[in-house]
Amino acid sequence: MNTDIWKIIAIAKQEKHQYLYLNYKNLRKFPHELLKDDGLHHLEHLYMKMNLLTTLPENLGQRLPNLIELYLHSNNIEFIPEAIASLIKLQSLDLSNNALVILCPEIGQLKSLRHLRLANNRLKFLPAEIGELRGLQTLDVSANCLTALPESLHLCISMQYLAADQNHLKDLPRQLCLLPNLKELSVMSNNLKCLPQDLGQYPELQCVYVDNNSQLYGLPSYLYHKVTGHRGCGSSIQDEEVKLSFTQGQVTITLPDEIQGIGTENDPVPTLQEIVMRAIYSFFRISEKGRQKYPL
């Protein structure tokens, strides 16, 4: 083991450090001294960014039982052992920029977990057990190979930020609409064709980003007055007002926002004829001139 690393760990043991920084050390595996005896039971924050690690040791939870934050950004980790479940105090786990193909179901046993970052990996699916993380507030699975998100995500009732950009998602589970504390949802650069009609029903969700979903042509009505990013989506999505022009008097009547909604078999939107009639009725209802010519 590198002498410099040995000294860093020795000092951390002696002085009972809560933070340990082993970033940029060219490590191919966890240092033996880091997992030896009980000298680092006090350690709470471990940073090992930009190394060459390929997996986590099975006894990590036994040797570092008080670990709160584990930062492993930019390694070569391909899988996480089942023993990850033993890190019962872990609140933040960052495995972004690794080589993960599978996320083990035992991830659901990390009941204290608040922040899980898995961006830039090779994940094709997420285990349903992720829904057992009731305290999870942040989940970032951007830049993976996901074709769907698990329906069980709606059980993560503390979720505030969810990012799944740059995947292969074709739709979103309607259960996501049940997340009462979700504040920001980002699903840019996917293959989305529609969004759940109830998305945005809770006032907490204020920001939704769906940029670069070229087949997406409309937004649920709940999102009309919230912050939305939709560049690169279907050409008609909220970019221009949809207007109806009459020949007599050149009266122009703006159609209601419902015309921009997406209808599905289970959630039909009103027919165009009905929407036009509503618009005409509303126009002459508020127009003094309309009242005179067309008394209601």
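Values in this document were obtained by computation on a predicted structure and should not be read as measured data. All values below were derived from every heavy atom in this structure, side-chain atoms included, with hydrogens, water molecules and symmetry-related copies excluded.
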Handout entry: Heavy-atom side-chain proximity of L22 to M48 below 4.5 angstrom
Key = yes
Problem - D211 (side chain) donor-acceptor with G232 (main chain) under 3.5 angstrom - result: no
Fill in the blank from the handout: Rounded to the nearest 0.5 Å, the CD1 atom of I5 sits from the CG atom of L20 at a distance of 10.0 Å
Exercise for the section: Decide yes or no for L46 and L40: does some side-chain heavy atom of the first lie under 4.5 Å from some side-chain heavy atom of the second? Expected result: no
Problem - Neighbour count above 12 (heavy atom, 6.0 Å) for K170 NZ - result: no
Fill in the blank from the handout: Note: I11 and H17 closest approach over all heavy atoms is CG2-CE1, 3.9 Å
Exercise for the section: May I ask you to check whether over 12 heavy atoms, not counting those of K124, lie within 6.0 Å of atom NZ? Expected result: no
Handout entry: Donor-acceptor contact below 3.5 Å, side chain N213 vs main chain L192
Key = yes
Problem - same_hphob_cluster(I77, L35) at 4.5 Å side-chain heavy-atom cutoff - result: yes
Exercise for the section: Would you indicate whether the side-chain heavy atoms of V208 and Y222 approach each other to under 4.5 Å? Expected result: no
Problem - Residue pair L70 / L60, side-chain heavy-atom distance below 4.5 Å - result: yes
Problem - Nearest heavy-atom neighbours spanning S112 and I88 - result: OG-O, 2.9 Å
Problem - Heavy-atom donor-acceptor pair, N23 side chain to K49 backbone, under 3.5 Å - result: yes
Problem - N121 side chain vs N144 backbone, donor-acceptor pair below 3.5 Å - result: no
Practice task
Kindly check if the number of other-residue, nucleotide or ligand heavy atoms within 6.0 Å of CD (E82) is above 12?
Solution key: no
Problem - Side-chain donor/acceptor of S158 to backbone N/O of L136, under 3.5 Å - result: no
Problem - Q160 CD to R114 CZ distance, which is reported to the nearest 0.5 Å - result: 10.5 Å
Problem - Nearest-0.5 Å distance, NE2 of residue H73 to CG of residue L95 - result: 10.0 Å
Handout entry: Point-to-point distance, once rounded to the nearest 0.5 Å, from OG of S214 to CG of N191
Key = 7.5 Å
Practice task
Using the salt bridge (Lys or Arg N to Asp or Glu O under 4.0 Å) rule, collect all pairs that involve residues 125-149, keeping only residues at least two apart or in two chains.
Solution key: K111-E132
Handout entry: E69 side chain to Y47 side chain, donor-acceptor N/O pair below 3.5 angstrom
Key = yes
Handout entry: Qualifying side-chain hydrogen bond (donor to acceptor under 3.5 Å, both in side chains) pairs with a residue from residues 88-97, counting only residues at least two apart or across chains
Key = N66-K89, D94-S96, N97-N120
Practice task
Could you tell me the separation between the CD1 atom of I80 and the CD1 atom of I102, rounded to the nearest 0.5 Å?
Solution key: 11.0 Å
Practice task
For N76 and L53, indicate whether the former's side chain and the latter's backbone hold a donor-acceptor pair under 3.5 Å.
Solution key: no
Practice task
Could you check if a side-chain atom of D198 sits within less than 4.5 angstrom of a side-chain atom of R174, using non-hydrogen atoms only?
Solution key: yes
Exercise for the section: Flag the pair L185 / L172 as yes when at least one side-chain heavy-atom distance between them is below 4.5 Å, and no otherwise. Expected result: yes
Exercise for the section: Please examine the side chains of L93 and L87, heavy atoms only from C-beta on, and report whether any two atoms are closer than 4.5 Å. Expected result: no
Exercise for the section: Evaluate whether atom CD1 of I68 has more than 12 neighbouring non-hydrogen atoms of other residues, nucleotides or ligands under 6.0 angstrom away. Expected result: yes
Problem - Interatomic distance, S186 atom OG to D165 atom CG [nearest 0.5 angstrom] - result: 3.5 Å
Practice task
List the atom of Y217, the atom of Q215, and the distance in Å for their closest heavy-atom pair.
Solution key: CD1-O, 3.2 Å
Exercise for the section: Compare all side-chain heavy atoms of L219 with those of V210 and state whether any distance is below 4.5 angstrom. Expected result: yes
